[in-house]
> 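First the structure, which I've put down as structure tokens, then a few questions once you've had a look.
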Amino acid sequence: MKIHPKKIIKAILPYGIIVLHKKYNEYRKLYKKTAVNEKNVFDIILSVGVACRATHYLKKHGLRLCANPLDWMMSYSLETVVHLYKTKFDDFFIDFVKDKEKSLEHNCHWYIDRKNKIVSMHYDNVENDSAMFRKMMKNRFEKINKLLLSANKICFISHRNDDINVLKDFLNEMGKLYSGKITYINIRNTPPP
């Protein structure tokens, strides 16, 4: 499955300023009928945070091909993403704590992975059934990892305020793990004046 980056950017911009004109299936039909510049097509697109917005818009516009363990997670660094992919998510939410104050404040289950410094606020089974939660996330990783290993063109997308050198380091490290050509789209937006 190939996905065009213009569609991604249009899908993720906030507040519906620009709306995705075609759903992925419609795009796929169009792609088969027209000559599309191959450098603008991806086999897989994954959100790498910093929170849920990128995942939300990928899903909303039919561009999220499968679940990623980092979907719906918050407040993690790109260095953490690299660590988790290198270690196959082996230490993901092993040592966690529930932030009771934030849970009450946001009316959700707010858990913090102490080692990886990741916040989960969408899963109640982090604490209630942590073995099941970890197994689910490990299965997600294994599926994603197979797709990444076989992909020729990979896209990571985020909305971060990191320095350009942090983004370059991320690309270099992920390039050591996966042989496909990797593109990183980082959408920065500022509130209107």
> Is the side chain of Asn68 donor-acceptor paired with the backbone N or O of Ser47 at a distance under 3.5 Å, no angle test?
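Flag set: sc Asn68 to bb Ser47 pair under 3.5 Å.
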> Do Tyr111 and Phe89 sit in one hydrophobic cluster, given that two such residues count as connected whenever their side-chain heavy atoms are within less than 4.5 Å of each other, even indirectly?
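Both belong to a single hydrophobic cluster.
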> Would you say Val50 ends up clustered with Tyr57 if hydrophobic residues are merged whenever their side chains have heavy atoms under 4.5 Å apart, either directly or through other cluster members?
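In one cluster: no.
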> Under the salt bridge (charged side-chain N to carboxylate O under 4.0 Å, His left out) rule, collect the residues that match up with Asp163, sequence neighbours excluded.
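Salt bridge (charged side-chain N to carboxylate O under 4.0 Å, His left out) list for Asp163, sorted by chain: empty.
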> Please say yes or no: joined through hydrophobic side-chain contacts below 4.5 Å, possibly via intermediate residues, are Phe96 and Met132 part of one cluster?
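No.
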> How many angstroms lie between OG1 in Thr55 and CD1 in Ile45, if you round to the nearest 0.5 Å?
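CD1 of Ile45 is found 11.5 Å from OG1 of Thr55.
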> Under the rule for side chain to side chain donor-acceptor pair (under 3.5 Å), what residues qualify as partners of Lys117, not counting sequence neighbours?
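Partners of Lys117 by the side chain to side chain donor-acceptor pair (under 3.5 Å) criterion come out as none, since no residue qualifies.
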> Given a cutoff of under 4.5 Å between side-chain heavy atoms of I, L, V, M, F, W and Y, with clusters grown through shared members, what are the other residues clustered with Leu104?
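Once heavy-atom contacts under 4.5 Å are chained together, Leu104 still belongs with nothing else.
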> Kindly compute the distance separating CD1 (Ile164) from CG (Asp169), expressed to the nearest 0.5 Å.
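Reported value, rounded in 0.5 Å steps: 10.5 Å.
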> Compile the donor-acceptor pairs under 3.5 Å between side chains in residues 136-150 and protein atoms, sequence neighbours left out, one pair per line.
unit_1	atom_1	unit_2	atom_2	d
Lys138	NZ	Lys88	O	2.6
Lys138	NZ	Asp90	OD1	2.4
Asn139	ND2	Lys135	O	3.4
Arg140	NH1	Tyr123	OH	3.0
Asn145	OD1	Tyr178	OH	2.5
Ser150	OG	Lys146	O	3.2
Ser150	OG	Leu147	O	3.2

> Got a second to check how far Leu65's CG is from Phe42's CZ, nearest 0.5 Å?
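Separation between the atoms: 12.5 Å.
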> Is the CG atom of Asn107 crowded by more than 12 outside heavy atoms at less than 6.0 Å?
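No, because the 6.0 Å sphere around CG of Asn107 holds 12 heavy atoms or fewer from other groups.
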> Is the closest side-chain heavy-atom distance between Ile118 and Leu70 below 4.5 Å?
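They are in contact (side-chain heavy atoms under 4.5 Å apart), so the answer is yes.
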> Run the salt bridge (charged side-chain N to carboxylate O under 4.0 Å, His left out) test against Asp91 and tell me which residues pass, sequence neighbours left out.
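Lys115.
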> I need the Lys86 NZ to Met174 CE distance, nearest 0.5 Å.
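CE of Met174 is found 9.5 Å from NZ of Lys86.
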> With Lys100, which residues qualify under salt bridge (charged side-chain N to carboxylate O under 4.0 Å, His left out), at least two apart?
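Salt bridge (charged side-chain N to carboxylate O under 4.0 Å, His left out) check on Lys100 returns nothing, list empty.
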> Side chains of Asn152 and Lys181: closer than 4.5 Å at any heavy-atom pair?
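Result no, sub-4.5 Å side-chain heavy-atom pair not found.
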> Please report the C-alpha distance between Trp72 and Met121 in whole Å, then the side-chain angles of each, then the deciding distance to 0.1 Å, and finally whether the side chain to side chain contact (heavy atoms under 4.5 Å, CB included) criterion is met.
CA-CA 8 Å; Trp72 318 117; Met121 59 182 276; over 6 Å; no
> Could you identify which residues cluster with Ile94, counting Ile, Leu, Val, Met, Phe, Trp and Tyr as linked when any side-chain heavy atoms lie under 4.5 Å apart, either directly or through a chain of such contacts?
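Besides Ile94, the cluster holds no residue at all.
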> If the condition is side chain to side chain donor-acceptor pair (under 3.5 Å), which residues does Asn128 pass it with, not counting sequence neighbours?
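Per chain and number, Asn128 pairs via side chain to side chain donor-acceptor pair (under 3.5 Å) with no residue.
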> For a 4.5 angstrom cut-off between non-hydrogen side-chain atoms, does His109 reach Glu127?
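They are not in side-chain contact.
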> Around atom CD of Glu101, are there more than 12 heavy atoms of other residues, nucleotides or ligands at under 6.0 Å?
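Result for CD/Glu101: open.
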> Measuring only between side-chain heavy atoms, which start at C-beta, is Phe92 closer than 4.5 Å to Met73?
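Yes. Closest side-chain heavy atoms under 4.5 Å.
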> With sequence neighbours excluded, what pairs up with Phe170 under the ring-ring contact (aromatic ring centres under 6.0 Å, His included) test?
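ring-ring contact (aromatic ring centres under 6.0 Å, His included) check on Phe170 returns Phe156, Tyr184.
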> If you measure from OG on Ser77 to CG on Asn116, what distance do you get to the nearest 0.5 Å?
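Answer for the OG-CG pair, Ser77 versus Asn116, is 8.5 Å.
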> Where the side chain of Asn186 meets the backbone of Arg160, is there a donor-acceptor pair that is under 3.5 Å apart?
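Judged by distance alone, yes, a pair lies under 3.5 Å.
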> Can you tell if the side chain of His122 reaches within under 4.5 Å of the side chain of Cys108, non-hydrogen atoms only?
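In short, these two side chains do not touch, never coming nearer than 4.5 Å.
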> Side chain of Tyr76, backbone of Gly49: donor and acceptor closer than 3.5 Å?
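Between the backbone of Gly49 and the side chain of Tyr76 there is a qualifying donor-acceptor contact (under 3.5 Å).
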> Roughly how far, to the nearest 0.5 Å, is CD1 of Ile112 from OG of Ser75?
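If we round to the nearest 0.5 Å, Ser75:OG and Ile112:CD1 are 8.5 Å apart.
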> Is there a path from Val126 to Val97 through hydrophobic residues (I, L, V, M, F, W, Y) whose side chains come within less than 4.5 Å of each other?
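Different clusters.
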> Provide the full list of salt bridge (charged side-chain N to carboxylate O under 4.0 Å, His left out) pairs with a residue in residues 65-85, sequence neighbours left out, each pair given once.
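Sorted pair list: Arg64-Asp71.
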> Under the rule for ring-ring contact (aromatic ring centres under 6.0 Å, His included), what residues qualify as partners of His106, not counting sequence neighbours?
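Applying ring-ring contact (aromatic ring centres under 6.0 Å, His included) to His106 gives Trp110.
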> For a quick test of reading the model, state the closest non-hydrogen atom pair linking Cys52 to Met74 and the distance between them.
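That would be SG-CG, 4.2 Å.
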> Say whether, by atom type as modelled, one donor and one acceptor occur between the side chain of Asp43 and the main chain of Lys153 under 3.5 angstrom.
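Side chain of Asp43 to backbone of Lys153, a donor-acceptor pair under 3.5 Å: yes, one is there.
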> Holding to salt bridge (charged side-chain N to carboxylate O under 4.0 Å, His left out), I want the full list of residues that pass it with Arg134, two or more places apart in sequence or in another chain.
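For Arg134, no residue satisfies salt bridge (charged side-chain N to carboxylate O under 4.0 Å, His left out) once neighbours in sequence are set aside.
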